[in-house]
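A quick write-up on the structure given underneath.
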Amino acid sequence: MGINTNEIVIEEEDVLTYAGSLPAPNVQELVRRDPSHVPERYLRNKEDMPKKTDTAAHLSSEIPVIDLTLLSKGQEEELKKLNLACKDWGFFQVVNHGVAKEVLQGMKDAASGFFELPLEEKNKYSMDSNDIQGYGHTYVVSEEQKLDWTDTLLLIIYPSQYRKLKFWPTAPKEFKEIVETYSTGIRKVAEELLGSLSLVLGMDKDALIQQHKEVVQALRVNYYPTCCKPDQVLGISPHSDKTSITILMQDDLSGLQILHDTKWVPVMPIPNALVVNVGDVLEIWSNAKYKSVQHRVVTNKDKARISYATGIVPPNDAEIEPLDHMVDSQQPFKIYNKVRYGEYIKHSLKMKMEGKTHLEKFKNERVG
Ligand SMILES: O=C(O)CCC(=O)C(=O)O
Ligand SMILES: [Fe+2]
């Protein structure tokens with residue numbers, strides 16, 4: 001069945017519904033009932049857990065910090081910094097981004113209020129079994145896989161006709177309004193970044209926005225409860241994002257780590273800054289000049305952590321492939337085949353999160 005919104009007909013099956021997850025326990029509730037126990041399904045093998053030898057905390061201060069105000073003025077130095085940040089790190093933090101600190105704080109207060117509600121209240125917004133919008137878990141595809149120590153609220157925000165308001169919490173009562181205000185601010189940041197990225201990739205300023213066909217914006221709020229066995233449990237498994245770019249607000253608790261060369265580097269919170277990373281779609285468009293970088297989240301014994309990831313993606317019917325001018329002497333053929341975003345995301349959602357394995361299927365056979 002299609003939905004008719006003025007002239008646009010959206011195929012519901014195509015755009016609004018994604019493969020869902022198997023049911024999984026509510027982690028916050030597990031901890032509330034027995035903070036001293038972690039079920040087997042969450043306990044990982046030693047080799048999958050952070051080790052001193054594969055972590056490089058001293059590199060945290062090298063993760064680039066970009067000034068968005070300078071970028072939007074087209075300042076040459078800052079554009080160069082952006083290009084290097086995407087090439088060398090795939091992650092950077094953004095300051096002077098224009099989203100007021102009251103708005104950032106308002107989003108944090110509203111989300112904390114939601115997660116503090118009793119389980120039966122939160123479960124009013126539970127994901128349906130065939131979809132990823134709502135409160136629940138994503139990427140749970142088998143009874144055997146190890147589970148992440150997190151509960152998630154995922155909402156598609158823009159274009160507004162894709163919203164499923166039944167999943168939008170009505171408590172705390174200001175939730176909806178602050179999500180709108182926050183998301184409108186983040187959208188401007190996304191547009192500014194996509195404009196600057198277009199320029200540094202040698203295109204007109206609006207080229208990457210055009211590539212999206214339509215900029216779809218989703219908000220994924222991750223709640224990581226305290227964990228009594230942080231050395232055996234991960235908040236989120238290593239993965240790359242299925243986005244063009246992701247814009248993340250973290251609270252004042254660290255936990256996010258990114259894979260840089262062969263070492264995991266913590267992304268330390270900078271008050272009121274946003275963390276931005278290159279997702280798979282930008283890796284494909286740029287023919288891997290910019291790579292989506294694996295990241296994971298570790299757990300914490302003493303304090304719950306909440307993060308707010310805005311995913312910028314194209315609609316399901318957009319075809320994505322390396323842009324012609326990204327084929328050059330450095331990368332003399334297109335390393336990904338053309339794929340509809342909808343096909344790519346459905347394939348990815350059927351797999352547990354495991355690094356970048358979901359991307360293999362779309363690689364050109366000439367990639368060894
Ligand atoms: O919690 C974080 O810092 C990262 C979350 C994340 O990687 C995601 O939602 O894709
Ligand atoms: Fe992520």
Side-chain angles (χ1 to χ4, degrees), residues 18 21 24 27-28 50 60 63 89-94 104 107-108 111-112 115 127 132-140 147-157 182-183 186 190 216-227 230 233-260 264-283 290-300 303-313 345 348-349 351-359:
Y18 302 85
S21 248
V27 185
Q28 192 180 358
S60 288
I63 297 174
W89 285 89
F91 260 85
F92 52 91
Q93 305 219 40
V94 174
L104 304 179
M107 182 68 243
K108 291 177 185 171
S112 304
F115 288 110
M127 286 175 191
I132 54 170
Q133 284 201 66
Y135 179 56
H137 303 92
T138 49
Y139 303 101
V140 181
L147 296 181
D148 293 338
W149 198 251
T150 184
D151 304 316
T152 291
L153 176 69
L154 196 151
L155 304 171
I156 296 184
I157 316 283
Y182 174 76
S183 298
I186 296 292
V216 178
Q217 182 174 342
L219 176 66
R220 182 182 154 105
V221 187
N222 303 298
Y223 182 91
Y224 308 95
T226 56
C227 179
V233 179
L234 283 179
I236 291 195
S237 309
H239 68 281
S240 62
D241 287 350
K242 286 87 187 165
T243 59
S244 55
I245 55 171
T246 303
I247 302 176
L248 178 102
M249 172 170 73
Q250 41 177 353
D251 59 20
D252 51 7
L253 215 63
S254 62
L256 174 62
Q257 301 184 340
I258 65 177
L259 188 60
H260 180 64
W264 291 93
V265 181
V267 182
M268 300 311 286
I270 299 176
N272 302 314
L274 298 164
V275 178
V276 176
N277 63 284
V278 173
D280 295 342
V281 177
L282 185 52
E283 167 162 335
Y290 298 159
K291 293 190 182 59
S292 61
V293 166
Q294 288 192 54
H295 49 288
R296 68 185 181 192
V297 174
V298 295
T299 47
N300 179 297
K303 253 188 105 184
R305 175 174 181 270
I306 305 181
S307 70
Y308 311 76
T310 296
I312 303 295
V313 298
I345 192 70
S348 305
L349 283 163
M351 298 172 71
K352 66 173 177 176
M353 285 205 283
E354 194 172 25
K356 296 177 76 168
T357 48
H358 60 283
L359 270 174

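First listed ligand is number 1; within each ligand, the first listed atom is number 1. Since this is a predicted model, take the numbers as computed values, not measurements. The first residue of the sequence shown is numbered 1, and numbering continues consecutively from there.
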Problem - pair Val140-Leu147: side-chain heavy atoms closer than 4.5 Å - result: yes

Problem - Within 45° cone of Tyr223 ring axis and under 6.0 Å: Lys303 NZ or CZ - result: no

Practice task
For the residue pair Gln217 and Ile186, establish whether any side-chain heavy-atom pair is separated by less than 4.5 Å.
Solution key: yes

Fill in the blank from the handout: Contacts for ligand 1, heavy atom under 4.0 Å, by chain and number, are Arg220, Asn222, Tyr224, Ile236, His239, Asp241, Leu248, Leu256, His295, Val297, Arg305, Ser307, Ala309

Practice task
Could you check if a side-chain atom of Met127 sits within less than 4.5 angstrom of a side-chain atom of Thr138, using non-hydrogen atoms only?
Solution key: yes

Handout entry: Minimum side-chain heavy-atom gap His295-Asn277 below 4.5 Å
Key = yes

Handout entry: Non-hydrogen side-chain atoms of Met353 and Lys242 separated by less than 4.5 Å
Key = yes

Exercise for the section: Tell me the protein N, O or S atoms under 2.8 Å from the Fe ion (ligand 2), in chain and number order. Expected result: His239 NE2, Asp241 OD1, His295 NE2

Handout entry: Thr243 vs Asp280 side-chain heavy atoms within contact, under 4.5 Å
Key = no

Exercise for the section: For the residue pair Ile236 and Arg296, establish whether any side-chain heavy-atom pair is separated by less than 4.5 Å. Expected result: no

Handout entry: Any Trp89 side-chain heavy atom under 4.5 Å of Ile63 side chain
Key = yes

